[in-house]
Protein chains: 2
Amino acid sequence: MKIKDIAELAGVSVATVSRVINNSSKVKEETKNKVLEIIKKYGYEPDFSAKSLRKRSSNLFGLVMRRNHITENDSYTHPFLNGILEYFFHNDLKLILDSHEKKNCIVHYEKLIKSNLVNGFFITDLEDNDERIEFLNSINFPYIVIGRNNKNNFIYVDPDNELGGYLGIKHLNEIGCKNILFISGSLGPAVTYQRLNGVLNAKKDFNINLDIVYGDFSRKSGYDVIKKINLTDYDGIFCSSDLMAYGVYDYMNEKNYYLPLIGFDDLPSSKILKISSINQNIYQIGYNAAKMLHYLSSGREVKNVIIPVDISIRESTLKFKK
Amino acid sequence: MKIKDIAELAGVSVATVSRVINNSSKVKEETKNKVLEIIKKYGYEPDFSAKSLRKRSSNLFGLVMRRNHITENDSYTHPFLNGILEYFFHNDLKLILDSHEKKNCIVHYEKLIKSNLVNGFFITDLEDNDERIEFLNSINFPYIVIGRNNKNNFIYVDPDNELGGYLGIKHLNEIGCKNILFISGSLGPAVTYQRLNGVLNAKKDFNINLDIVYGDFSRKSGYDVIKKINLTDYDGIFCSSDLMAYGVYDYMNEKNYYLPLIGFDDLPSSKILKISSINQNIYQIGYNAAKMLHYLSSGREVKNVIIPVDISIRESTLKFKK
DNA sequence: CTCTTTTTTGTAATCGATTACATTTTTATT
DNA sequence: AATAAAAATGTAATCGATTACAAAAAAGAG
């Protein structure tokens with residue numbers, strides 16, 4: 001069933017049918033209704049390729065995922081995709097999921113662009129010395145970067161890590177902690193500094209003592225760091241990642257000595273372990289990224305977006321509340 | 001840059017260029033090399049829409065995800081997609097991710113088919129009285145169902161739940177358990193019976209006592225069920241879902257009385273909690289589903305596939321090993 | 001060297017939509 | 001009722017690839 005068939009059945013020309021479908025110019029009400037009726041009756045859908053070819057534009061957007069058979073943490077995928085899909089669903093857009101190996105991935109983006117398959121794409125997991133950076137700077141094609149980057153001015157959407165750092169300290173202060181240990185991630189990635197800044201801002205606002213030590217975001221590093229610490233020196237611990245908080249939790253279990261504990265990322269396991277954590281609203285990040293990419297690709301103006309974070313309060317701090 | 005440009009630059013006709021690209025019929029070695037050189041030099045990629053339109057077929061396949069802003073467990077998404085993408089990557093296929101709300105989702109599949117956007121699709125989360133079943137039976141279009149269904153004979157790929165049930169009991173037996181409690185999921189879904197069958201088969205093979213009680217797969221139901229049980233009657237517990245195992249674990253923590261414990265699904269949190277579990281190899285399911293759909297859509301024969309499961313052995317049983 | 005066969009290449013139709021431009025129909029104006 | 005202006009519709013070109021068929025070039029046969 002193609003447009004020509006509908007045209008014949010409705011006794012009009014293909015141009016008229018097209019105009020009805022696309023609402024592109026005035027069609028007499030009577031004609032329009034007849035055409036719509038036939039379309040509905042036969043369940044006609046315009047051919048995707050023909051439409052894209054002629055319009056030189058599709059309603060497809062690309063997300064090139066890094067393929068990794070096994071990851072320590074893959075919990076972002078689902079809420080992120082859901083956020084994108086929510087927006088896409090309501091705007092009749094579709095997502096192409098492609099994948100790349102770390103090396104040689106530029107070829108993939110180039111193919112996507114040159115074959116006119118997508119109207120734009122999302123960039124995730126961009127690292128500081130990522131080979132994609134140069135490429136992204138060199139192209140004139142719509143894309144949105146997920147996560148801020150120190151050195152470039154891409155259009156991005158990012159969680160408010162600074163707020164997260166602030167909220168963690170604020171909450172510990174609220175339940176009465178006065179001597180807080182902050183286990184930061186390794187210096188390097190932008191998030192480390194953002195979270196640290198939030199923590200330092202909170203220190204100014206609340207009357208607390210704060211010590212800072214450094215891990216590398218992993219569970220093992222959390223364990224290793226806390227092992228060298230005298231727990232009794234503190235009355236509250238805030239980790240810059242959930243995994244590090246799990247490491248700390250392991251150690252506290254071992255010693256059977258517990259302090260209020262907050263993580264950062266709100267991984268699904270934190271719910272299970274009942275550890276308080278800073279929630280990054282990955283869903284919202286996806287939703288906003290989708291909207292921004294849509295706007296960008298249709299020539300509308302787009303501003304960077306910072307998504308507020310929440311704190312998920314659980315037993316790990318709640319049970320210490322006075 | 002289009003095929004005509006390449007043709008002119010190489011001093012041949014578009015037909016020849018097309019033949020080179022598609023290896024569709026003999027082209028003189030010399031001509032071929034010249035064309036390939038030009039293509040490479042200018043980084044030409046055939047237009048996706050034009051190609052699909054003419055060939056009446058794309059290399060796109062669809063996965064329509066149920067959108068759910070918040071789920072208790074979304075850990076399947078990442079490994080499943082990764083499995084699909086691994087196969088797709090190596091076969092130059094692409095995945096369209098679409099989403100639907102529960103009601104009215106048939107329209108979506110119909111659109112996908114009628115607009116010739118995809119060559120086939122995956123069906124996930126099919127329930128016993130799903131409205132999609134009738135639809136799927138009525139169409140003549142390639143699709144693969146993830147997860148067996150009691151009442152239909154779709155082409156499916158599914159984890160070997162029966163083997164999982166068997167392996168759980170086998171492992172408990174190996175560490176010396178003689179009086180085992182199996183907490184089954186609710187009667188209804190096919191998985192419940194499959195897992196139960198495996199457990200019963202193992203009972204025959206090993207010399208153990210086995211009691212069976214029923215939860216509903218949720219953490220709360222695990223807790224509620226175990227609460228009514230006298231823990232000292234048993235020396236090992238096997239749950240038909242990880243979530244139920246977490247509920248049991250909660251209770252054991254409360255009572256500070258531990259028995260060997262195995263879950264089913266191997267959610268990421270089980271690694272964190274160090275609870276042994278049956279691993280369903282979701283990645284393999286994705287990979288195989290992709291391969292099957294590819295075969296099916298290109299007219300090759302396809303058989304149902306059952307993916308073996310593994311057991312991930314952790315502290316929750318290991319520490320009881322004699 | 002001519003004729004046949006095979007290999008290589010080119011021409012033009014085609015896929016199914018959109019849309020510029022042309023034409024017809026309708027409405028408004030005098 | 002004649003003419004001008006506006007609205008509705010139609011014709012045909014176009015998007016960029018593939019491919020049936022035709023034609024030209026090369027190879028082989030005698």
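Bear in mind the structure is a predicted one, so any value in this text is a computation, not a measurement. By convention in this document, chain letters (A, B, ...) are assigned in the order of the sequence lines, proteins followed by strands, and residues within each chain are numbered from 1.
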Would you classify B:Thr31 as touching base, sugar-phosphate or nothing, given that sugar-phosphate means primed atoms plus P, OP1 and OP2, and contacts are heavy atoms under 4.0 Å? sugar-phosphate
Give the rounded distance in Å between these two atoms: CD1 of B:Ile3 and C1' of D:dT18. 8 Å
Which of A:Phe122, A:Tyr143, A:Phe88 passes ring-ring contact (aromatic ring centres under 6.0 Å, His included) with A:Phe61? Answer is A:Phe88
Rounded to the Å, how far apart are A:Ile21 CD1 and C:dA17 C1'? 9 Å
Out of D:dG16, D:dG10, C:dA17, which nucleotide sits closest to the side chain of B:Lys2? D:dG16
Heavy-atom donor-acceptor pair, A:Asn137 side chain to A:Glu134 backbone, under 3.5 Å: no
In the structure I gave you, are the side-chain heavy atoms of B:Ile113 and B:Glu110 within less than 4.5 Å of one another anywhere? no
Taking for A:Ala50 and for B:Glu29 the nucleotide of DNA chain C with the nearest heavy atom, the one nearer the 5' end belongs to B:Glu29
Ranking C:dT18, C:dC15, C:dG16 by distance to the side chain of A:Ser18, first place goes to C:dT18
In whole angstroms, the gap separating C1' of D:dA24 from NZ of B:Lys26 amounts to 19 Å
Rounded to the nearest angstrom, tell me the gap between atom CZ in A:Phe48 and atom C1' in C:dC15. 15 Å
Looking at B:Lys51, I'd like to know whether one of its side-chain N or O atoms comes within less than 4.0 Å of OP1 or OP2 on D:dA17. no
Among the nucleotides C:dT18, D:dG10, C:dG10, which one has an atom lying closest to any side-chain atom of B:Thr16? C:dG10
Between D:dA17, C:dT19, C:dG10, which one does the side chain of A:Ala15 approach most closely? C:dT19
Measure from the side chain of A:Lys55, starting at C-beta and using heavy atoms only, and say which of C:dC15, D:dA20, C:dT18 lies closest. C:dT18
Rounding to a whole Å, what distance do you find between A:Lys4:NZ and D:dG10:P? 15 Å
Just checking A:Asn22: base, sugar-phosphate only, or nothing, at a heavy-atom cut-off of under 4.0 Å? sugar-phosphate
Among the candidates D:dA17, D:dA12, D:dC15, find the nucleotide nearest to the side-chain atoms of A:Arg56. D:dC15
Checking A:Asn281 side chain against A:Gln284 main chain: does a donor-acceptor pair fall under 3.5 Å? no
Among B:Val305, B:Ile84, B:Ile146, side chain to side chain contact (heavy atoms under 4.5 Å, CB included) partner for B:Ile285: B:Ile146
Side-chain N or O of A:Tyr44 less than 4.0 angstrom from OP1 or OP2 on C:dA17? yes
Nearest-Å distance, CD (B:Glu30) to P (C:dT7)? 18 Å
Take B:Glu45 and B:Arg19, find for each the nucleotide of DNA chain D with the closest heavy atom, and name the residue whose nucleotide sits nearer the 5' end. B:Glu45
Rounded off to whole Å, could you give me the NZ-to-C1' distance for the A:Lys28 and C:dT27 pair? 12 Å
Whole-Å distance, B:Asn33 CG to C:dT8 C1', equals 15 Å
